Number of protein chains: 2
Amino acid sequence: MDERTERRYALRADMFKALAHPMRIFLLDKLRERSYCVCELAAEVGIDKSVASKHLSQLKAAGLIEDQKRGTLVEYSLVASCVLEMVECAERTILENRRKQLDFISPESVSG
Amino acid sequence: MDERTERRYALRADMFKALAHPMRIFLLDKLRERSYCVCELAAEVGIDKSVASKHLSQLKAAGLIEDQKRGTLVEYSLVASCVLEMVECAERTILENRRKQLDFISPESVSG
DNA sequence: TTTATTGTTTCCAATTATGGAAACATTGCA
DNA sequence: TGCAATGTTTCCATAATTGGAAACAATAAA
């Protein structure tokens, strides 16, 4: 595997790393409604503002959200709608897995 | 945020965690062609078989691939085609980000 | 059975990610 | 200017992830 290919895989992995945390998924989900400032999001989850800020900056670094200063507030908004497809994809896969698991335990619909 | 919701976000994050490693992305990409046994994949990347085995078991735990014993070999194959969409989604987002970055440096196509 | 092949699990050391507190920066307002 | 509100960065302790070696398990072949 050449270096360029390796870098490509690393880039993709970085994108998934940005999504690999429950709080970050939640933040993205929240930003689907509308823009939010850091303090609102931190209050919602009940965490320190510094923690929220760091998670948001990770999402921003991945190009999934962007920020805009508004006075002392910093409002974050969703920018890569593609990420929503990814999250839905993950959701579908989880549900599919659960369905298979149930089939394995009590195969009613599958007769093979 | 109630516990059930929290668990849902954690599940999605787990799915992305499974994808959050260059080697695992590579393995998925490889399995798109056909089934491969652990030794083949380990040799391809040039890593210890134990490492490959562990990565594969993570992908399996996420329900993205499945295994089948064939003699002393264990062949892994892709099962959740949805994951390919996710990877393509990530790829598109990365390219989009790169394009924006270029626009920011030298805005030729964007005149606003 | 003995040996070889293939995978998995278990250990360990090193790296990375995380959360919270404190320090610091920026902006708005009196 | 002085003070309050909001975010970011830095520091630290803790937790999680990772890769490799070795031990172990399972199967095939001699």
Side-chain angles (χ1 to χ4, degrees), chain A residues 1 6-7 9-28 30-31 34-79, chain B residues 1 6-7 9-28 30-31 34-77:
Chain A
M1 184 159 32
E6 204 168 312
R7 216 177 312 136
Y9 285 115
L11 276 177
R12 294 185 202 175
D14 285 340
M15 178 63 64
F16 290 118
K17 266 184 206 168
L19 296 165
H21 194 288
M23 194 174 303
R24 291 199 286 274
I25 303 282
F26 171 79
L27 293 172
L28 282 171
K30 198 75 189 164
L31 292 175
R34 62 169 175 88
S35 297
Y36 279 97
C37 68
V38 179
C39 60
E40 282 178 306
L41 294 169
E44 180 107 19
V45 195
I47 51 166
D48 195 277
K49 58 184 178 169
S50 71
V51 177
S53 174
K54 276 183 282 190
H55 281 301
L56 288 165
S57 86
Q58 284 183 72
L59 291 171
K60 185 189 165 193
L64 298 172
I65 63 176
E66 57 186 17
D67 60 344
Q68 173 153 26
K69 295 210 70 171
R70 201 179 283 279
T72 60
L73 302 176
V74 175
E75 287 193 339
Y76 280 93
S77 54
L78 199 60
V79 58
Chain B
M1 184 160 31
E6 205 168 311
R7 216 176 312 135
Y9 285 114
L11 275 177
R12 295 184 201 176
D14 285 341
M15 178 62 65
F16 290 117
K17 267 184 204 167
L19 295 165
H21 194 288
M23 194 173 302
R24 292 198 286 275
I25 304 281
F26 171 79
L27 293 172
L28 283 171
K30 198 75 188 162
L31 292 175
R34 62 168 175 88
S35 297
Y36 280 98
C37 66
V38 180
C39 60
E40 282 178 305
L41 295 169
E44 181 107 18
V45 196
I47 51 165
D48 195 277
K49 58 185 177 169
S50 71
V51 177
S53 174
K54 277 183 282 190
H55 280 302
L56 289 164
S57 84
Q58 283 183 74
L59 291 171
K60 185 188 165 192
L64 299 172
I65 62 176
E66 57 186 17
D67 61 343
Q68 174 154 25
K69 295 209 70 171
R70 200 179 284 279
T72 60
L73 301 177
V74 175
E75 288 193 340
Y76 280 92
S77 53

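Chain naming here is simple, since letters A, B, ... match the order of the sequence lines and numbering starts at 1 in each. Predicted model, so just to flag it, every value in this text is computed and none were measured.
Rounded to an integer number of Å, the gap from CG of Leu41(A) to C1' of dG19(C) is 17 Å. Atoms CG (Leu19(B)) and C1' (dT17(D)) sit 16 Å apart, rounded to a whole Å. Across the protein-nucleic acid pair, Gln68(A) atom CD and dT27(C) atom C1' stand 15 Å apart, rounded to whole Å. Look at NZ on Lys69(A): it is 13 Å from P on dA25(C), rounded to the nearest Å.
Between Leu56(B) and the choices Leu27(B), Val74(B), Val51(B), the side-chain contact (heavy atoms from CB on, under 4.5 Å) rule is met once, by Leu27(B).
Note that CG of Leu19(A) is 5.0 Å distant from CD1 of Ile25(A), once rounded to the nearest 0.5 Å.
With Arg24(B) contributing its side chain and Ala13(A) its backbone, the two residues share no donor-acceptor pair below 3.5 Å.
Using cut-offs of 30° and 60° for the angle between ring planes, the His21(A) and His55(A) rings count as tilted.
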Query raised in the report: Which letters describe nucleotides 7-18 of chain C, given B = protein heavy atom under 4.0 Å from base, S = only from sugar-phosphate, - = neither?
Result: BBBB-------S

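Listed by first and then second residue, the side chain to side chain donor-acceptor pair (under 3.5 Å) pairs involving residues 61-70 of chain A are Lys60(A)-Asp67(A), Arg70(A)-Glu75(A) (not counting sequence neighbours).
With sequence neighbours excluded, no residue forms a ring pair (Phe, Tyr, Trp, His ring centres under 6.0 Å) with Tyr36(A).
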